[in-house]
Every structure is written in C-alpha cells, then in structure tokens.
Amino acid sequence: MLNRLTDTLNFQAQALSLRAERQRILASNIANADTPGYQAREMDFAAALREATGHANPAARPAPAQAAPRAGHLPLQPGEAGPTALRYATPSQTSLDDNSVDMDRERASFADNAVHYEATLRFLNGSVKTLTSAITGQ
C-alpha cells in the first residue's frame, strides 16, 4: 500500500519537474526570439514523462548518439531528460536571419504549460494534505 502512495507522489513529482523544465525551455525560446540563427527547442512532454516514469518502450526509442559514456562522464539517470526529450521546433515560416522562434506558438505553449504546472502542483499539494489528514486522523 505504501508503494502505491509513493508511486502516485513520484509520478506527480516527475510531471512537475518536467513541466518546470519545459517552462525553462519555452522561456529560453522567447528570450532568444531576436537572436539571429537561434533554433527553437521543444520537448515532447508525453515521451519525456513516459521515459521518466520508466514506461517508455525501449524498442521504439532511437539509439542515442553516444551509447556509452566516456570515462569521467556521468551517465543519465532514469527520470533525467534524455536525448529523445528535446528536439528542434519546426518553424511555421522561414525567416531571413534563420531564427525559428514563432512567438505566437511560444506564448501559447508557455501559457498552456503554466496552467498544467499549476494544476499538477495543486494536485500534488492536495495529495499531501489528504495523506497528512489521514495520518493525523482528522
């Protein structure tokens, strides 16, 4: 029973961490909207969450560019954003300075991710409050 409780909390914690990482990526894209040659990045949140929670299909996952870490490099741990999590955003239209940031898309994605981040945080907070009230018997 304790495993089910911690699994639920771990899942929400992983989702919250990935939402924060996605928010950072989107903020970076917005900050570099006027940087010539900047290529916008985006995260496949569903794939990253599957990978973080260990539900990814290893056969469907493309092989990483560098399969074995070199001496002195730290290997990726389960839950860390791997090479499949980030990709380059497909530009909706070309620009003369080779910048692929679409501000409308980035703003919409930023707002959407902020709402999902808040919802995940509220759900996690509610779960902890429920667990605390169950433990204290109130």
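With hydrogens and angles disregarded, a donor-acceptor distance shorter than 3.5 Å links the side chain of Asn99 to the backbone of Thr35. Although no hydrogens or angles enter the test, the distance criterion places no donor-acceptor pair under 3.5 Å between the side chain of Asp102 and the main chain of Pro91. Although no hydrogens or angles enter the test, the distance criterion places no donor-acceptor pair under 3.5 Å between the side chain of Ser28 and the main chain of Arg24.
Between the CD atom in Glu21 and the CZ atom in Arg19 there is a gap of 12.5 Å [rounded to 0.5 Å]. With values rounded to the nearest 0.5 angstrom, Arg107 atom CZ is found 12.5 Å from Leu26 atom CG. Note: Leu131 CG to Thr6 OG1 = 10.5 Å, rounded to the nearest 0.5 Å. Distance check, rounded to the nearest 0.5 Å: OG of Ser109 to CG of Asp104 gives 10.5 Å. For the atom pair Gln39 CD and Arg41 CZ, the distance stands at 9.5 Å (nearest 0.5 Å). Here CD1 of Ile135 is found 11.0 Å from OG1 of Thr130. Values are rounded to the nearest 0.5 Å.
Using modelled atom types, one finds a donor on one side chain and an acceptor on the other under 3.5 Å when comparing Tyr38 with Asn29.
Cation-pi contact between Arg22 and Phe45: absent, since separation from the ring centre below 6.0 Å together with deviation from the ring axis within 45° is not met.
Residue-environment remark: CG (Asp97) exceeds the threshold of 12 foreign heavy atoms within 6.0 Å.
Using a 4.5 Å cut-off between side-chain heavy atoms of Ile, Leu, Val, Met, Phe, Trp and Tyr, with links allowed through other members, Leu18 and Leu86 fall into the same hydrophobic cluster. With hydrophobic clusters built from ILVMFWY side chains whose heavy atoms lie under 4.5 angstrom apart, Ile30 does not share a cluster with Val115. At a threshold of 4.5 Å between side-chain heavy atoms, the hydrophobic network of Ile, Leu, Val, Met, Phe, Trp and Tyr places Phe110 and Met43 in two separate groups.
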Begin from the C-alpha positions of Leu16 and Leu121 and carry the test side chain to side chain contact (heavy atoms under 4.5 Å, CB included) through to its verdict.
CA-CA 7 Å; Leu16 190 65; Leu121 188 60; 3.7 Å; yes

Between Ile25 and Glu42, does a side chain to side chain contact (heavy atoms under 4.5 Å, CB included) hold up when you go through it step by step?
CA-CA 7 Å; Ile25 293 166; Glu42 65 181 22; 5.7 Å; no

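Residue Arg105 comes nearest to Ser100 through the heavy atom pair NH2-O, 3.6 Å, listed as atom of the first residue, atom of the second, then distance. Annotation for Ser127 and Leu9: closest pair CB-CD2, 3.9 Å, computed over non-hydrogen atoms.
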